[in-house]
Each structure stands twice: as C-alpha cells, then as structure tokens.
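Notes follow the structure.
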Amino acid sequence: MGSDDYSRVVLNIQWSCNSPTCVLCAFAVQIKMKLFRFFSPATFYPLAGRLTPWFAALAAATLLIGLYWGFFETPNRLGGTNPQKEYYRIIFIHVPAAWMSMWLYLVMAVYSAVGLVFNTRLSFMLARAAAPTGALFTFLALWTGALWGHPSWGTWWDWDPRLTSELILFFLYIGYLALHSAIDDPRRADRASALLAIVGLVMVPVIFWSVNCPDPNKCAALHQRSSMANMEPNILWSMLIMTFGLWMYSFVTIFMRVRNIILIREADTTWVKELVAREQ
Amino acid sequence: MWRVFFCILGRDLRLALRRRTDLLTTLFFFVIVVSLFPLGVGAEWQTLRILGPGVVWVAALLASMLALERLFAADHEDGTLEQLMLTPQPLPILVLAKVAAHWLLTGLPLVMVAPLIALQYHLPEASRITMMLSLLVGTPILSLIGAIGAALTLGLRGGGILLSLLILPLYIPVLVYGAGAVTVSAIDGADALPYFSLLGALLLLALIFSPLAAAAALRISLE
C-alpha cells in the first residue's frame, strides 16, 4: 500500500463528525483501521488472484456433483398434490439462479452503502462487478422459468407475482448498469449508481408487495405458500448443493471482473506499471 | 426555512409561466397518448372501460417522466443550481420546492384533464372522480421519486432514455394502486379506500425520503 492510500484513508475519517464522544465515529474509525488493508485495491488485487482458482475448483466440483445428483439420483417425478414429470428437474438450475439473483442484488446494494459511508473505492468496484453476474442469474431464472412453464402451465409467460418480481429485478439491474456506463467520470459513476442501488433496495419490498398484492381488499395472505416443506430431502439437497456451486461461481466471476476494474482504474499507479512490466 | 421554500417555488412558477408552451407539451402528450389507444385497440365501449384506468395511468407515468428531464436541467445549464447548492439553506428543502413547482406545472394539469379523458373511455361517474383523486394523490409521488433519477442523470448524454430505465421500475407500486383504485371504483359496492390509504402512505414516505435522496444525488452529480 502506498502512502497515498494511507493519507486518503486518514482524510476520509475526518469526513465524519469526528467528535471524541461520538460512539458511531469511534466505531467507524476502528472498523476502518482493521479493514482498510483489504479495502485497498492494491492489496485486494493479488488476494483475489490467489483466491480465484480455489473458488473455481469448488464451483466446478459442487456444480458437477449437484447436477449429477439432481439428474440421476433423484426420483423421476415430483410428488405432492401436483405431480410433475421429468421436466421438474429444471428447478436444479432455476431455483438456485433465482436465489442468487436476489442475493447478489443485496450484496451489490450493501457494497454500495459501505462505499458511500466509508468512501472506499474497492466497495464500489465490487458492487459494479457483482451487477453483471446478478443480471445474468436473473435472466437465467426467467429463461428457465419459461422453459418450465411451457410444459407445466401450458404457457411461456404468465403474470404470476414471482415472475413479475424477477422481471422487475432484472430491470433494476439493467438500470444500475446503464447508469454506471453512461457516466464517464468513474467517481461520479460509482457514487451515482451506488445511490441508485440503495434506492432500489429500499423500493424492492414495496414493489414486490404491490405486485404480490394488487388488490388490498382481499390481500389477507401475503405469503405465497412455500413448497419447500413438502419437498423430498433428496431433491432439496441437490438444489442446495447447486446453490452453493452457483454462489462459488459468482465469487469467481466477481473476483475476475473486479481485478479487471482495478487494473483499468489504477492504470497510472506505480504498482500496476510494475505489474505490467513484470508480465511482459 | 419555509421562506426559501416559497421563494424557490414562486421563482420556478414565474419562470415557467413565461414560457407556457413547455407546460402545454406535457399536457398534450398525455392527451395524445391516451387518445391513440382507442384507435389501436378499437373503440368498443366494453374494451375501453376495462383498458381505461391502466392506459390513463401508464400515460400519466410517461408524461410525468418526460417532464422530469427539465426539472434541474435549465438551472444546471445557467449555473443557478450550483449557486443554490452554495446557499446555507438545507438542500432537501430547495429540492422539495423545485419538485413542488414541477408538480404544480406538470402533474396538476393532468389531474384537471382527467375527467375529460374518463369521458373518452366511457367510464362511469364514480370512476371519473376516483380517477381525478387517484391522480391527485399519485402524481406527486411520481414527481418525488423521479427527482432522484433526474438528479442522478443530470447533464448526461441521452439522459432522457436513461432516466426512463432508472425510474419506470420504481413507479410500479403507484401504477398498481392508482389504476387499481379506478378499476375498483367502477364496480358497485367495492371499496377503493384501501388503495387510497396505500397511495397516501407512499406519498408520505416519498415526501420524507426522496428530497433527501435527490439532494444526495445532486451533490454526487455536481461535486
């Protein structure tokens, strides 16, 4: 870490109210001193580079196990009140993708908030790096949902609350990416899209509630009944393994993307120049 | 503090009233979009009654969004906005004043013209009043949420299209409950009050939080 980064961190601390009696400030300063080593792009770049192969191996292994288990070791129809034939197996991709799409939006918004509060550049970069993977999972969930809906419901698309919510989540991702790429100045792009992500996170419950419950007169039961409880443990386990695999896959793509972002943003610093000289 | 609020409000209204065509374009955009639908889907009374509430609300969403681009743009171009941000007054209050002026100039005309639109769609008497009321509660929410997007996209190339990408998904709750209230009001014995409670709750939340978020967005855009 260069002295430049250090002085920036110290300067950032003074941004807060900085009163000696303020518990929040003291807490923020302490967290920052503990973590600021990893908040520095120059430290995080090699760390992410070292971790990526491990996450990649873990992702490949769990995805292979999960797919094998899901496709060959589970019953060939889903029981319950609405028996489904072989096509139910799409849930091994569909449900984990839908879960990851929501999780990554949360990750993105939290990194954005951390970036705005602590003024750490790396958090913005991680938020930006998470967005394309999240958008990809949202699209995958919608697409596999359509493939499942055709044999099961007899239609590719229906204005079911979950489908609509997922579609709106996709729009939110697209809006974030569009705003980020429309602004040339990286600092403004980071901060503006971070604010958008947080506004989106605040609005998401309201939007989803309105989609779930368009008629407040008969909206006694807000929850869609979850079918998790009467699912066979065999099926549930392979779904959870797939979710873990996709989560590890997200680590791989996000780390690879954030490394690229760091190199582009820090192109005129000494450590990047040294790195490039070494590589050539 | 409120003196500043009324000062900005008066200034924005006066400036806008000196260039009235800008105001009328939003209004006529709304009227034209709404009038196109019967030409596209056919002028059956039954169809129009079903489509009416949704079409009017979607048109209101689009009209309010198109007008948003101008919310901060003129002040940004001539440097007034930067001067406003340098004043010791709280920025959220200034933003709230600008949004209020903007709503009076673009939202209120839509509310006024709503009963005429309702006639075009053969909506019953009760629905005409409900449509006006729901627009009266709903369009300020659109202006308030939209202000955040307008502040974020300030001075960007192709800001208008970008603004629609950012803001339209956030408008969905207002659309659902605004159009829902009008649809329900056409049914005998149905109660539209829950819709208005929800719209009112959204309006209060937007009044509190969106000036703060829009002020933060302005600071990001102009730092």
Side-chain angles (χ1 to χ4, degrees), chain A residues 15 105 112-113 115-117 119 124 135 138 159 161 164-220, chain B residues 54 141 145-149 151-181 183-184 187 189-199 201-202 205-206 209-210 212-223:
Chain A
W15 152 92
Y105 192 85
S112 300
L116 283 179
V117 172
N119 216 356
F124 292 125
T138 323
W159 291 96
T164 318
S165 303
E166 194 69 11
L167 182 68
I168 293 164
L169 190 65
F170 186 59
F171 292 157
L172 291 177
Y173 273 120
I174 297 298
Y176 175 92
L177 287 169
L179 181 64
H180 201 287
S181 62
I183 307 177
D184 293 330
D185 169 28
R187 184 176 154 82
R188 183 183 163 188
D190 279 346
R191 300 170 71 82
S193 47
L195 188 76
L196 183 72
I198 294 167
V199 171
L201 187 70
V202 172
M203 288 296 288
V204 154
V206 183
I207 297 176
F208 287 4
W209 196 75
S210 73
V211 167
N212 263 296
C213 192
D215 185 352
N217 285 321
K218 24 177 148 146
C219 215
Chain B
I141 313 177
I145 298 177
I148 305 173
L152 284 175
T153 55
L154 195 59
L156 297 181
R157 284 170 278 108
I161 295 285
L162 189 60
L163 186 62
S164 61
L165 273 183
L166 308 187
I167 289 304
L168 283 179
L170 304 181
Y171 278 175
I172 289 167
V174 186
L175 171 69
V176 169
Y177 292 122
T183 310
V184 158
I187 307 163
D191 190 7
L193 198 63
Y195 293 92
F196 280 102
S197 308
L198 285 167
L199 281 177
L202 285 177
L205 284 178
F209 291 112
S210 99
L212 294 173
L218 276 181
R219 290 206 194 280
I220 289 170
S221 296
L222 289 178
E223 77 176 358

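Throughout, a chain's letter reflects where its sequence line sits, starting with A, and its residues are numbered from 1. Model, not experiment: these values are computed from the prediction.
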If every non-hydrogen atom of [X] is compared with every non-hydrogen atom of [Y], which pair is closest and at what distance?
X      : Y      : answer
A/R188 : B/A151 : NH2-O, 4.5 Å
A/S210 : B/P173 : OG-CA, 3.5 Å
A/F171 : B/P169 : CB-CG, 3.8 Å

Could you tell me which portion of [X] (side chain, backbone, both or neither) has an atom closer than 4.5 angstrom to a non-hydrogen atom of chain A?
X      : value
B/L154 : both
B/L152 : both
B/I167 : neither
B/L175 : neither
B/T153 : both
B/I148 : side chain

Task: Step-by-step side chain to side chain contact (heavy atoms under 4.5 Å, CB included) determination, A/I207 to B/V176 - done: CA-CA 9 Å; A/I207 297 176; B/V176 169; over 6 Å; no
Note, [X] side chain near [Y] side chain (heavy atom, < 4.5 Å):
X      : Y      : result
A/L179 : B/L165 : no
B/L156 : A/D184 : no
A/M203 : B/I172 : no
B/E223 : A/D185 : no

Looking only at heavy atoms and a cut-off of under 4.5 Å, which of [options] has the most pairs with chain B?
options                : value
A/L172, A/I198, A/L195 : A/L195
A/V204, A/I174, A/I183 : A/I183
A/L196, A/L167, A/V202 : A/L196

Task: Distance (rounded to the nearest 0.5 Å) between B/L162 CG and A/S181 OG - done: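 Going from CG on B/L162 over to OG on A/S181, the span is 7.5 Å.
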